[in-house]
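Each chain gets a letter, A, B and so on, in the order its sequence line appears, and its residues count up from 1. Heavy atoms only: backbone and side chains are in, while hydrogens, waters and symmetry mates are out.
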There are 2 protein chains.
Amino acid sequence: MRARFAKILRREAISRKTTSTELDPLSIRLIELMQKDSDIGLAELAEAAGATTSSCWRRLDELRKTGVIQRSVAVIDPAALGLTVNVFVQVTLEKQNEAALRAFQNRIARRPEVMECYLMSGDADYLLRVVVEDLAQYHRFVVDHLTTIPGVANLRSSFALDQVKYTTALPTAHLRGSEAVGDPAPRRKPPRGSARRKTE
Amino acid sequence: MRARFAKILRREAISRKTTSTELDPLSIRLIELMQKDSDIGLAELAEAAGATTSSCWRRLDELRKTGVIQRSVAVIDPAALGLTVNVFVQVTLEKQNEAALRAFQNRIARRPEVMECYLMSGDADYLLRVVVEDLAQYHRFVVDHLTTIPGVANLRSSFALDQVKYTTALPTAHLRGSEAVGDPAPRRKPPRGSARRKTE
DNA sequence: ATTGAAACGGATCTAGC
DNA sequence: GCTAGATCCGTTTCAAT
């Protein structure tokens, strides 16, 4: 959906605290729908959410201002760009002091082929997902960009044979009190103290 | 940006082969821009791409029909939903036959907390990224959903301390002949056989 | 104050050159 | 392929609860 003044609004959004305001059912529904397809019209949104277009517009505006909805983006088919190879790299640094971490993160953040980077617990310090056309390109990335970062001690690369699932849609089931969403609601642990006695 | 007939068009898109049609500079530019912000208007797009709004509209339409642009989605702040914990799980199956793999993938694909799943080379069979509110919820996911999948032999969980980088924007530098994008164009290996001799 | 409806203005889409 | 016009929809305003 087109959000005309999104950019202006983002300004004030940053200043606001990310208040963990409880999200009401309308917000949750809108988030779910917009995560699936943000090109949906207000009319369709309103119908699917069981609300008026006005309500939906106002709520979306608020969700954007408060930074819950950060932006909308086009999802591109990686294969169409020839980017069929996913590589996970576990990176170990020589020293884990603040400066070393910052230096690494800054260098990594600028590399467009690095889709994700996580500071990890356990054996390795960082886990990266890198997307490339082929192994030759990956090799160039490692040699030209990874190993040139000061303090990088060790690399361990794992190659993905297939991307089984990839979604940008965060789960929302936990936001509703009960009645899970993508779930046939298997069996939920009773809320402590409500163990069935008489009904049995 | 609003794409009115997106849904109808998607139908024919699927039938078409994902032709690795060479992408011209306009398409590349549009992809870059739409990956950053799909709420941008046609006018802005056209200006940034150095083309008319009509050209851009037609090209976008084509990119959507051919499935290069799959859809647009809202990007949500995970923290706003309380989803601050990222876990990577390496899963090993007892047997790697077709049936076992399919069964696992089907079960995993339906779990909304699984954001990504890759079939891997190397020691483990699958690598998952799971997003949850806290460790308790992760524990429930493992017990209720992962270990209940038949054929799962071994799990190895690694916890992310911080999400340093996360982007949905695929790199595009490789699509252009030369002149890299997010790059000050450091030093490119000459194309084999053009080693400088006389110029030196 | 909050909500819905309806008019407005601007952007998308299309047809004609 | 570009320009200009018709149409649609996000945005705003206003009235009613």
| Could you walk me through whether B/Leu127 and B/Phe88 pass the side-chain contact (heavy atoms from CB on, under 4.5 Å) check? | CA-CA 7 Å; B/Leu127 177 63; B/Phe88 287 87; 4.2 Å; yes
| Candidate pair B/Arg156 and B/Asp123, rule salt bridge (Lys or Arg N to Asp or Glu O under 4.0 Å), full reasoning | CA-CA 11 Å; B/Arg156 177 169 170 77; B/Asp123 21 57; over 6 Å; no
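For B/Trp57, whose side chain is taken as the heavy atoms from C-beta onward, the closest listed nucleotide among D/dG10, C/dC13, C/dT3 is C/dC13. The nucleotide whose nearest atom lies closest to any side-chain atom of A/Ser54 is, among C/dA6, C/dT14, D/dT11, C/dA6. The nucleotide whose nearest atom lies closest to any side-chain atom of A/Thr52 is, among C/dA5, C/dG16, D/dG10, C/dA5.
One atom, CG of B/Leu26, and another, C1' of D/dC2, lie 14 Å apart when rounded to the nearest Å. As a whole-Å value, the separation of A/Arg58 CZ from D/dG10 P is 15 Å. In this structure, A/Asp39 atom CG and D/dC9 atom C1' are separated by 13 Å, rounded to whole Å. One interatomic measurement links the two molecules: CG of B/Leu45 to C1' of C/dC13, which rounds to 15 Å at whole-angstrom precision. Taking atom CG of A/Leu60 as the reference point, atom P of D/dG10 lies 10 Å away to the nearest angstrom. Remark: C1' of C/dT12 and CD of B/Glu44 are 15 Å apart, rounded to the nearest angstrom. Atom pair A/Leu42:CG and D/dT11:C1' shows a separation of 9 Å (rounding to whole Å applied). Protein atom CG of B/Asp61 is 15 Å distant from nucleotide atom C1' of C/dA15, rounded to whole Å.
Residues passing the side-chain hydrogen bond (donor to acceptor under 3.5 Å, both in side chains) test with A/Thr167, sequence neighbours excluded: none.
Of the inter-residue distances, the one linking A/Leu119 atom CG with B/Leu161 atom CG reads 4.5 Å to the nearest 0.5 angstrom.
Judged by distance alone, with hydrogens and angles left aside, B/Arg59 brings no side-chain donor or acceptor close enough to the base of D/dG1 to form a pair under 3.5 Å.
Under 4.0 angstrom from either OP1 or OP2 of D/dC2 there lies at least one side-chain N or O belonging to B/Ser55.
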